[in-house]
Amino acid sequence: MTAILQIVFDALSLGSIYALGALGIALIFGVMRLVNFAHGDYISFCVFAMLVPSTDAMSEMFLGSLPTIVLIPVILLIGAGVSVLSEIIVFRRLRDANPATMMIASFALGFILKHFLLMLFSSRPKSINLWPDLGLPVEILGARLPLLQLIAIGITIIILVALSAFLKRTRFGLEMRAAAENFTMARMLGVKANQVILIAFAISGMLAASIGLILAAQTGTSDIQMGVSVMLVAFIATVIGGLGSLAGAVVAGYLIGAASVLMQVILPLEARPFRDAFVYAAVIACLIWRPQGLFAPKSAKQRV
Amino acid sequence: MNAHRSVLARTVSTPAVLILVLLAIALIAKLSGSSPFERTVTELFIRIVLVVGLYIFIGNSGVMSFGHVGFMCLGAYGTAWLTIPPAMKKFALTGLPDFILQHQAPIALSLVLSPLLAAVFALLIGRILMRLAGIAASIATFAMLAVINTVYSNWETVTGATSSVVGIPMKTGVWLSFGGALFAVIVAYGYGISRYGLALRSARDEAIAAAASGVDIERQRLIAFVISAFVIGIAGVLYAHFLGVVNPDAFYLSLTFISLAMLVVGGMNSLSGAVIGVVAISAVIEILRTLEKGIPIGEATLAIPNGVQEIAIGIAMIVILIFRPSGLMRNRELRWSRWPFERASENK
């Protein structure tokens with residue numbers, strides 16, 4: 001029983017990270033058909049912002065030494081800032097370009113961000129000592145779970161609820177959903193395109209920042225690759241969920257998290273290193289069954 | 001009149017011009033006699049094979065692919081399995097079948113078999129991926145790359161996991177790699193003017209009209225996918241025999257990025273763009289590498305910090321995308337319409 005509970009919580013916490021990532025990508029995709037490959041590097045950027053830039057092996061906290069109550073909003077703002085800046089500097093100029101062009105541009109932007117971080121911090125993983133108390137285990141129904149895992153799950157749920165309230169109850173949310181449904185039509189009806197897109201980028205950046213915070217606290221390390229691996233899964237989640245569907249992205253994120261954890265348990269020992277390959281293969285298998293994704297929105301249907 | 005001339009006669013000057021340019025580069029490298037320069041040129045030709053292979057799929061289908069470097073990985077490891085001397089294989093790669101362990105194939109045979117492995121893999125996985133719509137297909141190619149990378153970085157007994165596989169005969173020189181580039185350009189050109197290439201480009205430009213005219217888009221994309229996998233497999237073989245060492249991480253995101261950058265900067269809808277893009281970006285990379293090493297000016301050495309090279313290429317790519325989205329070549333082909341390609345009827 002406790003073993004099962006442990007698996008459930010592992011799946012939920014891993015799924016939370018993937019769901020947040022997929023949501024960040026799906027939001028941007030919804031408003032401007034951009035698959036943002038730089039998203040993973042926003043995550044890394046937020047993590048490294050907590051450290052003093054240096055190529056030494058020893059890491060020194062920079063923003064990370066701020067008190068929690070200040071640290072969290074600051075990191076969220078940094079995430080939103082990088083994301084909004086990239087829209088203003090790069091993506092705004094590609095508004096009329098086709099999706100493939102925008103995708104490559106975001107790939108290039110991610111590459112620039114990554115090498116900028118490499119220049120400042122070198123490729124060596126560094127330790128981050130963020131909220132060490134949260135690593136302590138707590139006992140729930142006989143299972144011993146790290147407190148942090150529970151907090152990560154809880155925070156994700158809060159973010160999801162808040163975001164869906166924002167999308168359903170506020171004017172900006174309404175505009176954003178309208179823009180996602182049919183961007184040209186929304187503009188004709190008076191939705192300010194730049195404003196909606198900027199807000200989407202800001203939220204997406206904040207989602208990246210919260211993934212960064214959770215990952216940094218969970219792993220205790222900062223690694224230049226950490227954002228990219230989350231992003232890769234998050235992309236897959238957006239495709240599985242049906243490109244353009246926010247709820248689909250979240251559900252698919254949790255599904256992939258659960259699949260990863262389950263495979264870790266079920267696969268025979270010698271096949272475990274290949275876990276990710278199995279997960280991706282399962283994803284590809286899923287696409288044979290439903291090429292348009294599990295929850296394809298009506299607007300994504302190709303009109304002939 | 002133009003309409004009376006065959007497609008071949010009208011367009012054959014493009015590969016001819018490209019091949020002459022490459023031949024000139026090869027000759028300059030050989031005549032210079034400088035071994036570092038020869039290595040640079042060899043690397044340039046291998047990149048041309050890779051990027052032309054990418055062009056065959058991306059340029060003709062309009063579908064972005066982030067996974068093609070995986071085919072290079074398959075080709076490179078394929079040739080490692082075939083051509084490493086049995087005495088070395090027995091210890092490093094114990095999981096290989098006995099027949100392969102006990103024999104050593106000549107590189108000529110491997111140049112056919114290893115790319116074939118990549119092509120067969122592409123045929124199998126392409127059946128699934130080509131069913132997806134444009135953007136979803138692009139992301140799924142990413143998943144394919146991740147699968148290949150995960151398997152090759154973990155399959156200890158067959159791929160040596162993340163440690164490098166050594167002992168591949170270092171046979172790739174200027175001429176062999178030039179041969180690869182020659183082959184790639186001819187295949188890309190031949191495919192481009194074939195009915196399959198035309199059908200796929202029509203589907204790229206007007207999917208609905210093409211489908212209505214009887215073009216089976218999925219099938220056409222699959223054909224291009226397999227051909228491009230074969231060509232990129234060759235790039236993998238040449239690369240393995242160039243370095244003598246293979247490592248799964250050499251075929252991951254960085255190489256994907258650089259190869260796409262070359263294709264985009266040159267202009268992804270033309271064969272000339274693919275070749276010119278490789279030459280242009282390679283030249284920029286070489287200049288920045290030299291600057292990173294530092295140039296002595298009097299007493300002091302002027303050097304730019306490490307990493308500027310990658311950042312500069314990223315910025316160049318974005319600038320090109322914004323201001324010249326059709327690339328340096330503006331999606332046109334290099335043409336030479338004078339002797340010996342002039343039209344026979346022109347002077348009448």
Side-chain angles (χ1 to χ4, degrees), chain A residues 29 33 35 37 89-90 93-94 96-120 122 225 228-229 232-233 235-236 238-240 242-243 270-281 283-285 287-288 291-293 300 302-304, chain B residues 58 62-64 66 125 127-129 131-140 142-156 161 207-208 211-212 253-254 256-258 260-261 263-264 268 305-323 325-326:
Chain A
F29 184 84
R33 296 282 171 268
V35 179
F37 275 97
I89 297 174
V90 178
R93 284 158 223 279
L94 290 167
D96 299 324
N98 64 3
T101 309
M102 288 199 286
M103 196 150 64
I104 312 176
S106 72
F107 197 50
L109 181 70
F111 194 75
I112 294 172
L113 273 177
K114 181 177 149 196
H115 281 275
F116 177 66
L117 289 177
L118 274 176
M119 234 164 100
L120 293 181
S122 84
Q225 298 297 344
V228 175
S229 48
L232 212 56
V233 178
F235 272 138
I236 310 289
T238 50
V239 174
I240 292 280
L243 273 169
E270 56 271 30
R272 265 182 214 172
F274 302 103
R275 186 194 72 181
D276 288 352
F278 280 101
V279 173
Y280 292 125
V283 163
I284 292 175
L287 289 174
I288 307 181
Q292 73 278 37
Q302 276 189 353
R303 294 196 181 88
V304 174
Chain B
I58 298 177
V63 177
M64 237 332 120
F66 295 95
I125 195 127
R127 290 292 293 262
I128 303 162
L129 295 187
R131 296 177 52 173
L132 302 174
I135 294 177
S138 304
I139 296 177
F142 223 136
M144 180 190 86
L145 180 63
V147 171
I148 293 175
N149 188 264
T150 313
V151 170
Y152 277 69
S153 330
N154 287 297
W155 203 352
E156 191 76 51
I208 295 159
L253 297 179
S254 290
T256 303
F257 174 77
I258 292 291
L260 281 178
L263 186 59
V264 166
M268 45 182 151
N306 276 325
V308 169
Q309 179 204 325
E310 284 84 359
I311 295 178
I313 289 170
I315 292 175
M317 194 165 159
I318 292 181
V319 168
I320 291 253
L321 282 173
I322 293 174
F323 295 106
S326 47

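Proteins get letters first, then strands, A, B, ... in listed order; numbering begins at 1 in each.
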Output yes when a side-chain donor or acceptor of A/Ser106 lies under 3.5 Å from a complementary backbone atom of A/Val35, and no otherwise. yes
To the nearest 0.5 Å, tell me how far [X] [atom1] sits from [Y] [atom2].
{"X": "A/Asp276", "Y": "A/Leu232", "atom1": "CG", "atom2": "CG", "value": "9.0 Å"}
{"X": "B/Ile315", "Y": "A/Leu109", "atom1": "CD1", "atom2": "CG", "value": "10.0 Å"}
{"X": "A/His115", "Y": "B/Ser254", "atom1": "NE2", "atom2": "OG", "value": "5.0 Å"}
{"X": "A/Ile112", "Y": "B/Phe257", "atom1": "CD1", "atom2": "CZ", "value": "7.0 Å"}
{"X": "B/Ile320", "Y": "A/Thr101", "atom1": "CD1", "atom2": "OG1", "value": "12.5 Å"}

Taking side chain as everything from C-beta outward and backbone as N, CA, C, O, which of these in [X] sits under 4.5 Å from a heavy atom of chain A? Side chain, backbone, both or neither.
{"X": "B/Phe66", "result": "side chain"}
{"X": "B/Ile58", "result": "neither"}
{"X": "B/Val151", "result": "both"}
{"X": "B/Ile128", "result": "side chain"}
{"X": "B/Ile311", "result": "both"}
{"X": "B/Ala136", "result": "both"}

Counting only heavy atoms closer than 4.5 Å, note whether [X] contacts chain B via side chain, backbone, both or neither.
{"X": "A/Phe29", "answer": "side chain"}
{"X": "A/Ala97", "answer": "neither"}
{"X": "A/Val228", "answer": "side chain"}

For the aromatic rings, using the six-membered ring if either is Trp, is the centroid distance between A/Phe235 and A/Phe37 under 6.0 Å? yes
So which of B/Met144, B/Glu310, B/Met64, B/Met317 has the biggest tally of heavy-atom pairs under 4.5 Å with chain A?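 That would be B/Glu310.
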